[in-house]
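Down below is the structure, laid out as structure tokens.
Predicted model only: the values in this text are computed from it and were never measured. Order of the sequence lines fixes the chain letters, A, B, ..., with proteins taken first and strands second; residue numbering starts at 1 for each chain. All values below were derived from every heavy atom in this structure, side-chain atoms included, with hydrogens, water molecules and symmetry-related copies excluded.
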Protein chains: 2
Amino acid sequence: MFESSHLAKKYKIKKCECPSGKMTRFVEPCLLFFLSRKSSYGYELMERLNNFGFQEAKPDPAMVYRTLRYLEKEGCVSSKWDTGQAGPAKRNYTLTSKGLALLHAWAEGIAIRRQVLGKFLNQYKEHFKGKKPLNVSSK
Amino acid sequence: MFESSHLAKKYKIKKCECPSGKMTRFVEPCLLFFLSRKSSYGYELMERLNNFGFQEAKPDPAMVYRTLRYLEKEGCVSSKWDTGQAGPAKRNYTLTSKGLALLHAWAEGIAIRRQVLGKFLNQYKEHFKGKKPLNVSSK
DNA sequence: TCATATATATGTATATTACATATAGTATAC
DNA sequence: GTATACTATATGTAATATACATATATATGA
């Protein structure tokens with residue numbers, strides 16, 4: 001019912017109507033968290049994101065690689081090439097103390113965000129509990 | 001620590017470093033839900049958003065008004081001018097049955113999203129439970 | 001009348017995500 | 001030996017979403 005998309009027109013809103021409600025920049029805290037457990041590289045981190053519980057399709061490699069580079073630019077991770085293994089060289093990332101602080105900050109923000117979603121859902125459930133829709137036009 | 005922002009350069013990532021992790025398009029389900037309880041107009045809905053629990057600053061009027069117009073274009077709400085009251089005319093919005101269906105779809109998506117955040121937080125808490133940071137360089 | 005509150009709306013810069021594509025090393029199947 | 005697939009990183013750009021600025025108009029109270 002909400003799948004059709006629209007012609008792009010400047011300054012007219014055009015978007016996917018699917019109510020996914022994704023969390024903005026959620027890959028960033030995930031990467032920080034994965035790295036807090038173990039140093040790793042883009043391709044493997046991508047696979048872990050994939051198994052994390054996203055209902056969305058596979059995470060975009062571009063997102064993963066660019067986020068890692070951004071985090072490095074900010075001093076939140078550091079990297080070095082790993083050419084020791086078989087296969088193409090990997091860029092191995094390690095969390096820095098600044099990155100750890102950022103992860104903790106993210107965790108606080110995510111906890112608050114989760115509470116807001118809970119508040120929404122509680123009010124929603126309360127309102128529609130065993131109830132026919134009200135205040136809704138038949139159009 | 002994460003407040004500084006960067007010079008804009010094309011195709012270089014530039015963003016606010018605050019880990020807000022806002023939920024994409026969250027005003028949309030909020031507006032739908034508010035309207036499911038009572039027909040209303042932009043300015044009042046804006047105030048309700050303000051009291052909903054956002055840690056963010058006041059919601060942007062542009063977001064509210066444009067989202068309402070978008071929802072009307074999609075047939076999820078309908079509006080008519082209310083000139084009966086004192087003050088400037090209000091555009092009064094009413095939820096349609098399509099809008100109600102969209103609200104229900106949003107609620108499902110939000111519930112899933114909340115679970116993902118919970119999963120993240122559980123793993124995070126588990127990992128850092130009474131523990132000194134590990135695998136973190138001292139840089 | 002001047003400031004303030006109410007009310008709606010648009011313009012555009014910035015931020016974020018999605019999709020496409022490029023490159024290259026290695027393995028294995030034929 | 002070479003075509004194919006998998007591993008691995010990276011960039012270009014279109015589409016989407018948010019943030020900030022600003023414009024307009026009505027009404028109220030100092």
### Query
Looking only at side-chain N and O atoms, does B:Arg25 come under 4.0 Å of OP1 or OP2 in D:dT16?
no
### Message
Tell me the interatomic distance from A:Tyr70, atom OH, to D:dA10, atom P, rounded to whole angstroms.
### Response
18 Å
### Message
Could you check whether B:Arg48 makes a cation-pi contact with B:Phe34, meaning its NZ or CZ is under 6.0 Å from the centre of the six-membered ring and within 45° of the ring axis?
### Response
yes
### Spacing between B:Lys80 atom NZ and C:dA7 atom P, to the nearest angstrom
18 Å
### Query
What is the distance from CG of A:Asn50 to C1' of D:dA8, rounded to the nearest Å?
16 Å
### Task
Could you tell me how the ring of A:Phe128 sits relative to the ring of A:Tyr124: parallel (under 30°), tilted (30 to 60°) or perpendicular (over 60°)?
tilted
### Query
According to a strict under-4.0 Å criterion, is B:Arg91 in side-chain N/O contact with OP1 or OP2 of C:dA9?
yes
### Query
Is B:Glu74 salt-bridged to B:Arg69, going by a charged N under 4.0 Å from an acidic O?
no
### Task
Ignoring hydrogens and angles, state whether a donor on the side chain of A:Glu28 or A:Thr67 is under 3.5 Å from an acceptor on the partner side chain.
no
### Task
Take atom CH2 of B:Trp81 and atom P of C:dA7, then tell me their distance rounded to the nearest Å.
12 Å
### Interatomic distance where CG belongs to B:Asp82 and C1' belongs to D:dT26 [whole Å]
14 Å
### Query
Looking at B:Tyr41, does any N or O in its side chain come under 4.0 Å of the phosphate oxygens OP1/OP2 on C:dA7?
yes
### Task
Round to a whole Å and report the spacing from CG of A:Leu68 to P of D:dA10.
9 Å
### Query
Are the aromatic ring centres of A:Tyr41 and A:Tyr93 under 6.0 angstrom apart?
no
### Task
Measure the NZ-OG distance between B:Lys90 and B:Ser79 for me, rounded to the nearest 0.5 Å.
14.5 Å
### Euclidean distance, atom CG of residue A:Leu31 to atom P of C:dT16 [Å, nearest integer]
15 Å
### Query
Taking for each residue the nucleotide of DNA chain C bearing the nearest heavy atom, is the 5' side occupied by B:Tyr93 or by B:Glu47?
B:Glu47
### Query
Rounded to whole angstrom units, what separation is found between the CE atom of B:Met46 and the P atom of C:dA9?
12 Å
#### Entry: Under 4.0 angstrom between A:Tyr65 side-chain N/O and D:dT9 OP1 or OP2
yes
### Between A:Thr94 and A:Ser78, a side-chain donor and acceptor under 3.5 Å
no
### Query
What does nucleotides 20-28 of chain C look like as a protein-contact string, B for base, S for sugar-phosphate only, - for none, at under 4.0 angstrom between heavy atoms?
-----BSS-
### Query
If you check every side-chain atom of A:Lys22, which of D:dA17, C:dT17, D:dT9 has the closest atom?
C:dT17
